[in-house]
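Inspection log for the structure reproduced underneath, given as structure tokens.
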Amino acid sequence: TEVAVPTKRQQRYDRQLRLWGDHGQEALESAHVCIINATALGTEFLKNLVLPGIGKFTIIDNNSVKNSDLGSNFFLTVEDVGKNRGEAALQHLVEMNDSVTGTAKTENFVDLVKTLPKFFEQFTAVFACDVALTSLEPLAAILWEHKIPLLVGNAYGMFGLYRLFVADHGVVEAHAEGHDDLRLLNPFPALVNHCRSINLEEMSDDDHAHVPFIVLMLQFLEKWKAEHDGEVPVVSKQKKEFGQFIMDQRRNNIDRVGKMQEENFAEAKRKCNSVLTQYRIPSDVQDLLDCDKCNITTESSDFWWVCSALKDFVTAHGVFPLTGSLPDMEGSSSQFVSLQRVYKKKSMEDIAFVNERLHEKSIQLTGGTRVIPDEFVKRICKNAHYITNISTHALSFDEEKSRILPSSLDSQGGQLFLLFRASDVFFATYGRWPGDVPHDKDFKDDIPLFSGVATSVATSFGVESPISSDLIAEMVRYGGSQLHVTSSFLGGVISQELIKVITNQYVPANNTIIYNAITSTSETLCL
């Protein structure tokens with residue numbers, strides 16, 4: 001038999017293919033990401049997208065490379081001084097992966113929004129890097145209307161900020177660690193028939209010692225129920241008794257060293273606590289299926305179309321489609337494969353039900369023109385217990401003041417969030433970042449000025465407790481400068497958050513991350 005030789009692509013992306021699979025990699029390679037400003041944070045962010053194979057990226061930056069950029073931005077060289085920063089960084093970034101395409105635009109993004117707003121509709125996502133929020137609102141409105149995620153990041157000395165603004169994002173594969181979907185307390189008919197077809201009494205000792213624990217459990221559950229008025233073991237004491245009941249059914253065959261054989265029976269006993277559980281649909285997923293977005297229209301995303309059909313399945317069957325996956329277990333290969341076929345067949349039947357409902361909805365709403373990819377339907381069905389949806393608030397500089405609860409800003413991360421907002425206000429007012437003063441001036445003179453702005457911002461959010469004077473002094477001391485170590489860490493975090501959004505895998509942070517490199521801590525705030 002010939003051994004398949006991995007392709008160049010498989011060899012290059014081997015590690016990440018293990019994380020998000022071929023379909024995740026294809027989504028990444030199909031994406032076109034826009035980044036505003038090739039600062040140290042911006043280039044570190046792009047580096048972590050170029051290396052895993054983002055399809056395309058576009059840099060928008062109207063700034064020129066300065067000598068001060070060279071100390072923090074590793075994608076700029078002395079030869080780049082005076083050149084457009086976006087074009088200079090582009091040349092060094094594309095060298096890292098010949099499969100990635102990059103372009104640069106030298107206009108100011110604010111001007112592009114005014115003169116060519118449709119330009120931004122082509123992107124999968126946009127990352128605004130080290131931009132004051134006050135200047136982002138027009139762009140944010142365009143992206144929100146077209147359901148294009150907006151990521152915002154600022155690296156400010158030893159502090160970092162990341163925010164996500166997305167109208168509707170469905171998480172298909174959360175990669176959560178969960179229980180095996182075996183349905184032993186509510187078995188489907190085909191599983192019952194398969195287990196009943198296996199005659200334990202007539203088996204040889206060797207075959208008896210290699211019966212999968214699922215078969216053992218279902219057979220002995222029927223005996224247990226006959227002796228307990230039809231009740232199944234659901235509480236800890238009952239499960240312990242049932243485990244011993246299983247062990248009592250072993251044959252007394254001893255191996256050469258005097259050890260009792262039939263490890264499959266011991267495995268069945270060990271599994272009693274984890275697999276003998278009443279089937280329940282997670283409350284958060286049920287809430288998802290009950291929300292208004294499941295009343296789909298022609299404008300609804302594929303995610304909500306499948307959720308709508310999934311809701312119909314739950315209404316009809318009271319459970320989610322069977323995942324069809326089995327854990328490793330003691331048993332012969334032949335018996336395991338036979339059992340696996342039973343589960344897979346049932347899983348395919350359940351998925352076929354969901355597909356049929358989708359087809360009916362498509363005929364009803366679009367005359368049959370809306371087609372949801374089979375693989376996408378299958379992934380949602382197999383991960384139905386953990387699907388979720390993230391929908392943040394739109395970016396609105398003023399609206400946040402009345403929406404965000406003061407109690408959510410009590411922590412140090414909350415204070416840093418307020419200081420980042422105060423920096424935006426400071427920049428909008430004075431045209432510079434706090435502490436960014438000429439060499440003949442003392443940056444400390446900005447401390448009382450910035451403190452007043454910070455207090456005003458905190459008051460506008462309803463926060464009465466004073467902001468740490470040490471944090472205020474630190475923000476002023478940085479003068480809007482970037483440190484590579486902060487930019488590198490934060491760029492890595494934000495790039496991974498974007499990959500979650502692009503692949504619909506893993507759950508993105510919702511919706512704000514504050515990073516403090518002084519204390520080496522990060523904090524997630526839902527704002």
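- Separating the CG atom in Leu218 from the CD1 atom in Ile198 is a distance of 10.0 Å, to the nearest 0.5 Å.
- Ring geometry, Phe74 versus His484: the interplanar angle falls under 30°, so the pair is classed parallel (tilted spans 30 to 60°).
- For the residue pair Gln10 / Asp14, no side-chain donor-acceptor distance below 3.5 Å is found, with atom types taken as modelled.
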Derivation and outcome, ring pair (Phe, Tyr, Trp, His ring centres under 6.0 Å), residues His317 and Phe353 = CA-CA 11 Å; His317 301 89; Phe353 179 99; 4.9 Å; yes
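- A donor-acceptor pair is defined here as one N or O able to donate and one able to accept, closer than 3.5 Å; such a pair exists between the side chain of Thr366 and the backbone of Ser362.
- You'll find the side chain of Lys56 stays beyond 4.5 Å of the side chain of Val100, heavy atoms only.
- Taking the six-membered ring for Trp and the full ring otherwise, the centers of Phe245 and His228 sit at least 6.0 Å from each other.
- Using a 3.5 Å distance cut-off with no hydrogens or angles, the side chains of Glu29 and Gln25 do pair a donor with an acceptor.
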key: side-chain contact (heavy atoms from CB on, under 4.5 Å) between Ile502 and Val33, worked out   = CA-CA 10 Å; Ile502 291 172; Val33 175; 4.2 Å; yes
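- Using a 4.5 Å heavy-atom cutoff, the side chains of Ile372 and Val306 are in contact.
- A side-chain donor-acceptor contact under 3.5 Å links Glu262 and His208.
- For Asp98 and Arg12, the salt-bridge test passes: some basic side-chain N is under 4.0 Å from an acidic carboxylate O.
- Of the inter-residue distances, the one linking Ile351 atom CD1 with Cys381 atom SG reads 5.0 Å to the nearest 0.5 angstrom.
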inquiry  = If you apply the rule side-chain contact (heavy atoms from CB on, under 4.5 Å), what do you find for Leu150 with Leu395, and how did you get there?
reply    = CA-CA 9 Å; Leu150 170 63; Leu395 171 58; 4.1 Å; yes
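- Checked by atom type and distance alone, the side chain of Glu173 never pairs as donor or acceptor with a backbone atom of Gln505 at under 3.5 Å.
- Ser488 contributes no side-chain N or O that, together with a main-chain N or O of Val485, makes up a donor-acceptor pair within less than 3.5 Å.
- Separation of the Phe159 and Tyr515 ring centroids does not fall under the 6.0 Å cut-off.
- Residues Ser522 and Ile513 come closest through the heavy atom pair CB-CG2, 4.4 Å.
- No more than 12 heavy atoms of other residues, nucleotides or ligands shown are found within 6.0 angstrom of NZ on Lys344.
- In this structure, Tyr386 has its ring center at least 6.0 angstrom away from the ring center of His175.
- For the residue pair Ile148 and Ala125, the shortest heavy atom distance occurs at CG2-CA, 3.9 Å.
- Using a distance-only test at 3.5 Å, with no hydrogens or angles considered, a donor-acceptor pair links the side chain of Asn264 to the main chain of Val211.
- Looking at heavy atoms from C-beta onward, Leu182 lies in side-chain contact with Ile214 at the 4.5 angstrom threshold.
- For the atom pair Lys237 NZ and Lys240 NZ, the distance stands at 10.0 Å (nearest 0.5 Å).
- Atom CZ of Arg341 has 12 or fewer neighbouring heavy atoms from other residues, nucleotides or ligands inside a 6.0 Å radius.
- A salt bridge does not link Glu299 with Lys147: none of the charged nitrogens is closer than 4.0 Å to a carboxylate oxygen.
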ask   = Passes side-chain hydrogen bond (donor to acceptor under 3.5 Å, both in side chains), Asn504 versus Arg379? Steps please.
value = CA-CA 11 Å; Asn504 295 105; Arg379 287 199 296 274; over 6 Å; no
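- Between the side chain of Thr486 and the backbone N or O of Ala155, no donor-acceptor pair lies under 3.5 Å.
- Residue His359 qualifies as open at atom NE2: its count of foreign heavy atoms under 6.0 Å is 12 or below.
- Atoms NE2 and CH2, from His393 and Trp144 in turn, are 8.5 Å apart once rounded to the nearest 0.5 Å.
- In plain terms, the two heavy atoms of His169 and Val501 that are nearest each other are CE1-O, 3.2 Å.
- Atom CE of Met348 is surrounded by 12 or fewer heavy atoms from other residues, nucleotides or ligands within 6.0 Å.
- Heavy-atom minimum distance, Leu288 versus Thr388: CD2-CA, 4.2 Å.
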request  = List the steps, then state whether side-chain hydrogen bond (donor to acceptor under 3.5 Å, both in side chains) holds for His210 with Glu330.
outcome  = CA-CA 6 Å; His210 291 87; Glu330 297 285 342; over 6 Å; no
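- Between Phe313 and Phe320, a ring centre-to-centre spacing not shorter than 6.0 Å is recorded.
- Val342 is not listed as a side-chain neighbour of Lys346, based on a closest heavy-atom distance of 4.5 Å or more.
- The shortest non-hydrogen separation linking Gly170 to Asn389 is N-ND2, 3.7 Å.
- A salt bridge links Arg183 with Asp181: at least one charged nitrogen is closer than 4.0 Å to a carboxylate oxygen.
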task = In sequence, state the C-alpha distance, the side-chain angles, and the governing distance for Ser308 and Lys361, and then conclude on side-chain hydrogen bond (donor to acceptor under 3.5 Å, both in side chains).
result = CA-CA 9 Å; Ser308 178; Lys361 292 173 186 288; 2.9 Å; yes
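- Looking at Leu490 and Asn154, their side chains never come closer than 4.5 Å, going by heavy atoms from C-beta outward.
- A salt bridge links Arg9 to Asp22: one of the charged nitrogens lies within less than 4.0 Å of a carboxylate oxygen.
- At distances below 3.5 Å, not a single donor-acceptor pair connects side-chain atoms of Ser391 with backbone N or O atoms of Asp168.
- One finds the CE atom of Met329 at 4.5 Å from the CZ atom of Phe213 (value rounded to the nearest 0.5 Å).
- A donor-acceptor pair is defined here as one N or O able to donate and one able to accept, closer than 3.5 Å; no such pair exists between the side chain of Ser30 and the backbone of Ala27.
- The main-chain N or O of Ile518 is found under 3.5 Å from a side-chain atom of Asn516 such that the two form a donor-acceptor pair.
- Taking the side chain as every heavy atom from C-beta outward, Phe417 and Ile404 approach each other to under 4.5 Å.
- Heavy-atom contacts from other residues, nucleotides or ligands closer than 6.0 Å to CD of Glu227 number more than 12.
- At a threshold of 4.5 Å between non-hydrogen side-chain atoms, the residues Leu28 and Pro52 count as touching.
- At a threshold of 4.5 Å between non-hydrogen side-chain atoms, the residues Leu365 and Thr297 do not count as touching.
- For the pair Lys225 and Glu222, the salt-bridge criterion is not met [side-chain N within less than 4.0 Å of a carboxylate O].
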request  = Take Phe188 and Tyr343 through the ring pair (Phe, Tyr, Trp, His ring centres under 6.0 Å) test and state the conclusion after the steps.
outcome  = CA-CA 9 Å; Phe188 48 97; Tyr343 274 88; 5.5 Å; yes
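- With rounding to the nearest 0.5 angstrom, the CZ atom of Phe165 is 9.5 Å from the OG atom of Ser396.
- With 3.5 Å as the limit, one finds no donor-acceptor pair spanning the side chains of Asn48 and Gln496.
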message = ring pair (Phe, Tyr, Trp, His ring centres under 6.0 Å) for His146 and Phe123? Distances and angles first, verdict last.
response = CA-CA 10 Å; His146 293 88; Phe123 299 116; over 10 Å; no
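- Contact between Arg357 and Ala309 at its shortest, heavy atoms only, is CB-CB, 4.0 Å.
- Residue-environment remark: NZ (Lys378) stays at or below the threshold of 12 foreign heavy atoms within 6.0 Å.
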